[in-house]
Peer 1: 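One structure, pasted below without further comment.
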Amino acid sequence: MNRNVILTCAVTGAGDTTGKSDKVPVTPEQIANDCIEAAKAGASIAHIHVRDPETGGVSHSLDHFREVMERVREADTDIVMNITAGGGGDWIPDSQDPTRGGPGTDIQTPAQRHKPVGELLPELCTLDCGSLNFGDMIYVNSADWLREHARLVQAAGVKPELECFDLGHVWFARQLQAEGLIDGDPLYQLCLGIPWGAEADTETMLAMRNKLPTNANWAAFGIGRHQMPMAAQAVLLGGHARVGLEDNLYLEKGVLASNAQLVEKAGRMINHLGGRVMTPAETRRFLKLRDPSTGQVAGATTGGEA
């Protein structure tokens, strides 16, 4: 069991959830406020996407990301920031010409995906480690694109969170490490329950965990009703946990949740299991992340210090 747990709150994704819950944050101000409230509720990390403020749909706007980051950094409450770099990978073949993307297709190059990360320099960003059938669409991450993206993240000095939606993704993430494209101890996020990737159950989580490098830190999450069970299972198997409205809308059956409520519930669960949630400052030191207040790696010594 892991008794010192990093708890991530994924405050808003890119999925079609805004019509299902009015608690899903949409505007940059709402997203930033939910990051701050999640921090007050005990979250170590806030993982963010941004949305079109008018439609609630997918957005890749650098200005939206910048506004969220600035609002959170200017707040009195600290939290580690993790920007998605996995947007722009949605492919839906056109029904008449499958060589072209049909309605709903949203593809970005690695350089386009990386731009908010390279400009805003969060402590963490996601790096999704493979392609898969993602519900009724295909999520596209070719091997060469991932190598290019990993180099961009590495050059920016941002730590990648290696998101793995299936066992083959873990394999490829290990390959990135072998090729020298991942610095330091790698951080994995095992993403469970997304059709048609890895299932949200103990056997699948354990199989993926057992394929991680010996120096890996890891977390896991499940979507929907699997969110809290998979958070607990991750902690019991030695990992860290993630909750939030990107992955699940409900506090309990029929009761819509806020991000802060999900963080509070997960925190209580971790405490009941005999663990504790790490603070943002502890998280930066543990993962050796850049401290935004100093620009230096947290916990690193300078010349003359022991």
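When reading the values below, keep in mind they use all heavy atoms of this one structure, side chains included, and skip hydrogens, waters and symmetry mates.
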Peer 1: Mind checking whether Leu132 and Trp196 have side chains closer than 4.5 Å, heavy atoms only?
Peer 2: no

Peer 1: If we ignore hydrogens and angles and just use 3.5 Å, is the side chain of Glu163 paired with the main-chain N or O of Leu127 as donor and acceptor?
Peer 2: no

Peer 1: Roughly how far, to the nearest 0.5 Å, is the CG atom of Leu256 from the CD atom of Gln261?
Peer 2: 9.5 Å

Peer 1: Answer yes or no: is there a donor N or O on one side and an acceptor on the other, between the side chain of Thr126 and the main chain of Asp128, under 3.5 Å?
Peer 2: no

Peer 1: For residues Leu124 and Val72: do they belong to one hydrophobic cluster (side chain heavy atoms under 4.5 Å, members Ile, Leu, Val, Met, Phe, Trp, Tyr)?
Peer 2: no

Peer 1: Find out whether Asn248 and Arg225 are in side-chain contact, i.e. whether some heavy atom of one side chain is under 4.5 Å from a heavy atom of the other.
Peer 2: no

Peer 1: The test is side-chain contact (heavy atoms from CB on, under 4.5 Å); show your working for Arg174 and Tyr188 and say whether it passes.
Peer 2: CA-CA 10 Å; Arg174 295 200 318 264; Tyr188 283 75; 3.7 Å; yes

Peer 1: SG of Cys164 to CG of Leu190: how many Å apart, nearest 0.5 Å?
Peer 2: 6.5 Å

Peer 1: Using the side-chain contact (heavy atoms from CB on, under 4.5 Å) rule, take Leu162 and Ile182 through it: C-alpha gap first, then chi angles, then the decisive distance, then the call.
Peer 2: CA-CA 10 Å; Leu162 303 168; Ile182 306 297; 3.9 Å; yes

Peer 1: In terms of heavy-atom contacts, does CD of Glu67 have more than 12 from other residues, nucleotides or ligands at under 6.0 Å?
Peer 2: yes

Peer 1: If we ignore hydrogens and angles and just use 3.5 Å, is the side chain of Arg51 paired with the main-chain N or O of Gly15 as donor and acceptor?
Peer 2: yes

Peer 1: Would you check if the side chain of Thr17 reaches a backbone N or O of Lys20 as a donor-acceptor pair within less than 3.5 Å?
Peer 2: no

Peer 1: Grab the two heavy atoms, one from Leu237 and one from Trp218, that are nearest each other, plus how far apart they are.
Peer 2: O-CZ2, 3.4 Å

Peer 1: Would you kindly say whether Arg276 and Asn4 are connected by a side-chain donor-acceptor distance under 3.5 Å?
Peer 2: yes

Peer 1: Treating Lys159 as the side-chain partner and Asp185 as the backbone partner, does any N or O pair qualify as donor plus acceptor under 3.5 Å?
Peer 2: yes

Peer 1: Under a single-linkage definition using a 4.5 Å side-chain heavy-atom cutoff for Ile, Leu, Val, Met, Phe, Trp and Tyr, are Leu62 and Met69 assigned to the same hydrophobic cluster?
Peer 2: yes

Peer 1: So Arg3 and Met1, do their side chains get closer than 4.5 Å, heavy atoms only?
Peer 2: yes

Peer 1: Within a strict 4.5 Å, meaning less than it, do heavy atoms of the Leu245 and Thr12 side chains meet?
Peer 2: no

Peer 1: For Lys40, is there an ion pair with Glu37 - N to carboxylate O distance below 4.0 angstrom?
Peer 2: yes

Peer 1: Answer yes or no: are there more than 12 heavy-atom neighbours, outside Lys265 itself, under 6.0 Å from its atom NZ?
Peer 2: yes

Peer 1: Do Met208 and Phe172 land in one hydrophobic cluster if side-chain heavy atoms of ILVMFWY residues count as linked below 4.5 Å?
Peer 2: yes

Peer 1: Quick one: closest heavy-atom pair of Gly88 and His60, and the distance?
Peer 2: N-CE1, 3.3 Å

Peer 1: Within this structure, what is the OG-CG distance for the pair Ser258 and Asp22, rounded to the nearest 0.5 Å?
Peer 2: 11.0 Å

Peer 1: I'd like to know whether His64 forms a side-chain contact (heavy atoms from CB on, under 4.5 Å) with Arg66, so could you lay out the CA-CA distance, the side-chain angles of the two residues, the decisive distance to 0.1 Å, and finally the verdict.
Peer 2: CA-CA 5 Å; His64 295 341; Arg66 179 179 286 110; over 6 Å; no

Peer 1: Do side-chain atoms of Gln30 reach the backbone of Val26 as a donor and acceptor pair under 3.5 angstrom?
Peer 2: yes

Peer 1: Under the 3.5 angstrom rule, does the side chain of Asp201 hit a backbone N or O of Thr204 as a donor-acceptor pair?
Peer 2: yes

Peer 1: For the CG atom on Asp76, are there more than 12 heavy atoms of other groups (residues, nucleotides or ligands in this structure) within a distance under 6.0 Å?
Peer 2: no

Peer 1: Would you please test Asp52 and Val58 for side-chain contact (heavy atoms from CB on, under 4.5 Å) and show each step?
Peer 2: CA-CA 6 Å; Asp52 184 320; Val58 177; over 6 Å; no

Peer 1: For residues Val68 and Ala32, report the shortest heavy-atom separation together with the two atoms involved.
Peer 2: O-CB, 3.9 Å

Peer 1: Hey, does the side chain of His149 reach the backbone of Arg113 with a donor-acceptor pair shorter than 3.5 angstrom?
Peer 2: no

Peer 1: Which atom names give the shortest non-hydrogen contact between Ala234 and Ala220, and what distance separates them?
Peer 2: CB-CB, 4.0 Å

Peer 1: Taking everything shown except Asn215 itself, do over 12 heavy atoms lie less than 6.0 Å from its CG?
Peer 2: yes

Peer 1: Is there a side-chain contact between Pro160 and Leu187, using heavy atoms and a 4.5 Å cut-off?
Peer 2: no

Peer 1: With ILVMFWY side chains joined below 4.5 Å, transitively, what does Trp171's cluster contain besides itself?
Peer 2: none

Peer 1: Which heavy atom of Trp91 sits nearest to which heavy atom of Gly101, and what is that distance?
Peer 2: CH2-N, 3.0 Å

Peer 1: Could you tell me if the side chain of Arg71 sits less than 4.5 Å from the side chain of Cys35, heavy atoms only?
Peer 2: no

Peer 1: Should Leu192 and Val243 be regarded as members of a common hydrophobic cluster, given that ILVMFWY residues are connected when their side-chain heavy atoms come within less than 4.5 Å of each other, either directly or indirectly?
Peer 2: no

Peer 1: Which atoms form the tightest heavy-atom contact between Ser293 and Asp291, and what is the distance?
Peer 2: OG-OD1, 2.6 Å

Peer 1: Atom CD in Glu29, atom CG in Asp34: separation rounded to 0.5 Å?
Peer 2: 11.0 Å

Peer 1: Could you give the distance from CG (Asn33) to OG1 (Thr27), rounded to the nearest 0.5 Å?
Peer 2: 7.5 Å

Peer 1: side-chain hydrogen bond (donor to acceptor under 3.5 Å, both in side chains) for Thr99 and Asp97? Distances and angles first, verdict last.
Peer 2: CA-CA 5 Å; Thr99 67; Asp97 181 2; 2.6 Å; yes

Peer 1: Would you call Ser131 and Ser142 a side-chain contact if the rule is heavy atoms closer than 4.5 Å?
Peer 2: no

Peer 1: Run through Arg290, Arg73, Arg285 and flag the one making a salt bridge (charged side-chain N to carboxylate O under 4.0 Å, His left out) with Glu123.
Peer 2: Arg73

Peer 1: Please tabulate, for the side chains in residues 41-50, all donor-acceptor contacts under 3.5 angstrom to protein atoms that are two or more places apart in sequence or on a different chain.
Peer 2:
from: Ser44; atom 1: OG; to: Leu7; atom 2: N; distance (Å): 3.1
from: Ser44; atom 1: OG; to: Met278; atom 2: O; distance (Å): 2.7
from: His47; atom 1: ND1; to: Asn82; atom 2: O; distance (Å): 3.3
from: His49; atom 1: NE2; to: Glu246; atom 2: OE2; distance (Å): 3.3

Peer 1: Just so I know, are the side chains of Asp90 and Ile92 near enough to count as touching, which here means a heavy-atom distance under 4.5 Å?
Peer 2: no

Peer 1: Verify the cluster assignment for Val263 and Ile79: are they in a single hydrophobic cluster under the rule of side-chain heavy atoms below 4.5 Å apart?
Peer 2: no

Peer 1: Measuring from atom CG of Leu262 to atom CZ of Arg242, what distance do you get when rounded to the nearest 0.5 angstrom?
Peer 2: 12.0 Å

Peer 1: Which residue pairs pass the ring pair (Phe, Tyr, Trp, His ring centres under 6.0 Å) test when at least one of the two sits in residues 222-259, sequence neighbours left out?
Peer 2: His240-Phe286

Peer 1: Would a distance-only check, ignoring hydrogens and angles, find a side-chain to backbone donor-acceptor pair under 3.5 Å from Glu179 to Leu176?
Peer 2: no

Peer 1: Does Thr283 use its side chain to pair, donor to acceptor, with the backbone of Thr279 at less than 3.5 Å?
Peer 2: yes

